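Structure record follows, encoded as structure tokens.
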Amino acid sequence: MTADPRVVIHPDKQALADAAAARFVTAIIDAQSRHPEAQVALTGGSMGSAIIASVVRTPGGSAVDWSRVRVWWGDERYLPAGDPERNDTQNDEAGLSALGLDPDKVHRVAGPDTSESAEASAQAYEATIRQHGQKVWDVVLFGVGPDGHVASLFPHHPAQRQNDAIAVAVHDSPKPPPDRVSLTFECFERSHEVWFLVAGRDKAASVAAALSPRADRWDVPAAGPRGSEATLWLLDADAASAIG
Ligand code: 6PG
């Protein structure tokens with residue numbers, strides 16, 4: 001069973017990031033009361049950094065035992081560790097590295113400096129998920145591209161269809177860089193809660209398309225992931241402006 005999408009609209013991008021951060025901290029505290037570790041998957045893009053920056057400042061953050069949070073990424077750009085274009089580097093710079101996480105529980109996707117290929121990196125990431133990832137993840141965050149992509153699953157891209165795997169290599173990405181590693185729809189199905197964080201008028205059409213009952217994830221990948229308990233679309237007013 002999956003949860004139908006629920007839309008929450010905030011006045012602007014900063015209000016969205018702040019509210020999502022408060023919600024994220026609450027979800028982590030709640031997960032830690034139910035099991036030893038909270039498991040979350042982060043996202044890149046501007047919203048991925050905005051929520052981390054807000055988490056650093058949110059008052060409830062001090063109530064989280066950050067050493068009991070296991071961190072993954074829904075996708076990563078296949079670039080060397082520390083590259084400023086990597087999602088994890090951008091999250092670190094937004095404040096992730098200052099939260100007090102246990103570095104052994106922060107699962108980064110290997111880049112070309114430590115793996116032979118994006119395929120090898122995806123296989124290694126998948127093996128780590130199988131070793132440490134619970135069957136069900138607590139919260140998975142997504143940004144959404146103007147074309148409706150989530151993680152590195154792009155419209156009409158063959159990587160979308162490799163659902164026998166948990167993590168896949170993505171080549172010829174329409175958004176640079178061309179080589180990436182992404183988790184699959186199959187993997188995202190293991191989530192209690194899936195949250196889409198979307199701001200900006202350039203996203204309005206893809207948000208409306210993803211929320212349409214007729215949406216096909218092949219055309220609009222953001223229509224695919226759903227949580228077993230919640231599928232939340234956390235939007236600013238511009239991103240929500242085309243919802244019927
Ligand atoms: C990436 C990101 C990507 C991003 C969306 C939305 O690797 O490029 O993971 O999927 O989340 O493109 O980006 P914005 O939040 O910047 O709009």
Side-chain angles (χ1 to χ4, degrees), residues 10 12-21 24 40-55 71-81 83-94 96 107-112 118 121-122 125 139-157 159-160 167-185 187-188 191 194-210 217 220-225 232-242:
H10 303 278
D12 56 41
K13 185 172 183 174
Q14 190 60 54
L16 161 62
D18 290 345
F24 191 54
V40 300
L42 304 180
T43 180
S46 64
M47 280 312 305
S49 293
I51 186 173
I52 298 297
S54 294
V55 163
V71 174
W72 309 86
W73 275 268
D75 73 320
E76 187 54 270
R77 303 165 183 180
Y78 188 63
L79 297 166
D83 188 291
E85 292 299 319
R86 277 181 63 104
N87 291 336
D88 62 353
T89 308
Q90 293 181 359
N91 286 177
D92 282 341
E93 284 170 357
L96 186 73
H107 298 287
R108 299 172 191 272
V109 177
S121 172
Y125 195 44
V139 183
V140 175
L141 304 181
F142 290 112
V144 175
D147 59 355
H149 80 262
V150 283
S152 288
L153 302 173
F154 292 90
H156 309 145
H157 192 290
Q160 257 202 64
V168 291
V170 178
H171 300 291
D172 302 318
S173 157
K175 178 180 180 182
D179 299 319
R180 293 158 169 263
V181 170
S182 184
L183 300 182
T184 61
F185 288 122
C187 184
F188 294 133
S191 317
V194 162
W195 301 1
F196 299 89
L197 311 173
V198 200
R201 197 162 288 268
D202 60 324
K203 312 290 177 65
S206 60
V207 167
R217 72 188 192 190
V220 189
L232 290 185
W233 283 78
L234 307 176
L235 308 174
D236 78 347
D238 284 341
S241 59

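Being a predicted model, the structure only gives us computed values, none of them experimental. Hydrogens, waters and symmetry mates play no part in the numbers below; they use all other heavy atoms, side chains included. Indexing begins at 1, ligand by ligand and atom by atom, following the structure's order.
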Practice problem: Looking only at non-hydrogen atoms, find the nearest pair between Phe154 and Pro221 and report the distance. | Solution: C-CG, 3.6 Å
Exercise. Output the list of atoms in ligand 1 that are nearer than 4.0 Å to some heavy atom of Thr43, sorted by atom number.
Key: 9 (O), 11 (O)
Practice problem: For a side chain to side chain donor-acceptor pair (under 3.5 Å) with Arg86, tell me which candidate from Asp88, Asp83, Thr89 qualifies. | Solution: Asp88
Exercise. Report yes or no: does His157 contribute a side-chain atom to a donor-acceptor pair with the main-chain N or O of His171 at less than 3.5 Å?
Key: yes
Exercise. Within a distance under 4.0 Å of any heavy atom of Met47, pick out the atoms of ligand 1 and give their elements.
Key: 15 (O)
Quiz prompt | Nearest-neighbour protein heavy atom for atom 8 (O) of ligand 1, which is reported as residue plus atom name and distance | solution = Arg77 NH2, 2.8 Å
Exercise. For Ala151, counting its heavy atoms only, list the atoms of ligand 1 lying under 4.0 Å from any of them.
Key: 10 (O)
Practice problem: Considering only non-hydrogen protein atoms, determine which one is nearest to atom 9 (O) of ligand 1 and report residue, atom name and distance to 0.1 Å. | Solution: Asp75 OD1, 2.9 Å
Quiz item: With a 4.0 Å heavy-atom cut-off (strictly under), which part of Val144 contacts ligand 1: side chain, backbone, both or neither?
Solution: backbone
Quiz item: Can you tell me the protein heavy atom closest to atom 4 (C) of ligand 1 and the distance?
Solution: Lys175 NZ, 3.8 Å
Practice problem: Take His10 and Asp236 through the side chain to side chain donor-acceptor pair (under 3.5 Å) test and state the conclusion after the steps. | Solution: CA-CA 5 Å; His10 303 278; Asp236 78 347; over 6 Å; no
Practice problem: Do me a favour and list the nearest non-hydrogen protein atom to atom 16 (O) of ligand 1 with residue, atom name and distance? | Solution: Ser46 N, 2.6 Å
Quiz item: Would you call the rings of His107 and Trp72 parallel, tilted or perpendicular if under 30° counts as parallel and over 60° as perpendicular?
Solution: parallel
Quiz item: Between the main-chain N or O of Gly143 and the side-chain N or O of Thr43, is there a donor-acceptor pair closer than 3.5 Å?
Solution: yes
Quiz item: Closest approach of Pro80 and Pro112, non-hydrogen atoms and distance?
Solution: N-CD, 3.6 Å
Exercise. Considering non-hydrogen atoms only, spot the tightest contact between Val144 and Val198 and give its length.
Key: CG2-CG2, 3.8 Å
Quiz item: What are the two closest non-hydrogen atoms of Gly45 and Arg77, and how far apart are they?
Solution: N-NH2, 4.2 Å
Practice problem: Look only at interatomic distance and state if Ser152 has a nitrogen or oxygen under 3.5 Å from any nitrogen or oxygen of ligand 1. | Solution: no
Self-check item: Residue, atom name and distance, where the atom is the protein heavy atom closest to atom 5 (C) of ligand 1
Solution: His149 NE2, 3.5 Å
Exercise. Identify the protein heavy atom lying closest to atom 13 (O) of ligand 1, giving its residue, its atom name and the separation to 0.1 Å.
Key: Gly45 CA, 3.7 Å
Quiz item: Looking at ligand 1, does any of its N/O atoms fall within less than 3.5 Å of an N/O of Val150?
Solution: no
Quiz item: At a 4.0 Å threshold, what atoms of ligand 1 neighbour a non-hydrogen atom of Lys203?
Solution: 14 (P), 17 (O)
Quiz item: Under a 4.0 Å heavy-atom limit, does Ala199 contact ligand 1 with its side chain, its backbone, both, or neither?
Solution: neither
Quiz item: Can a non-hydrogen atom of Glu76 be found less than 4.0 Å from any atom of ligand 1?
Solution: no
Self-check item: Distance-minimising heavy-atom pair for Ser173 and Arg180
Solution: OG-NE, 3.1 Å
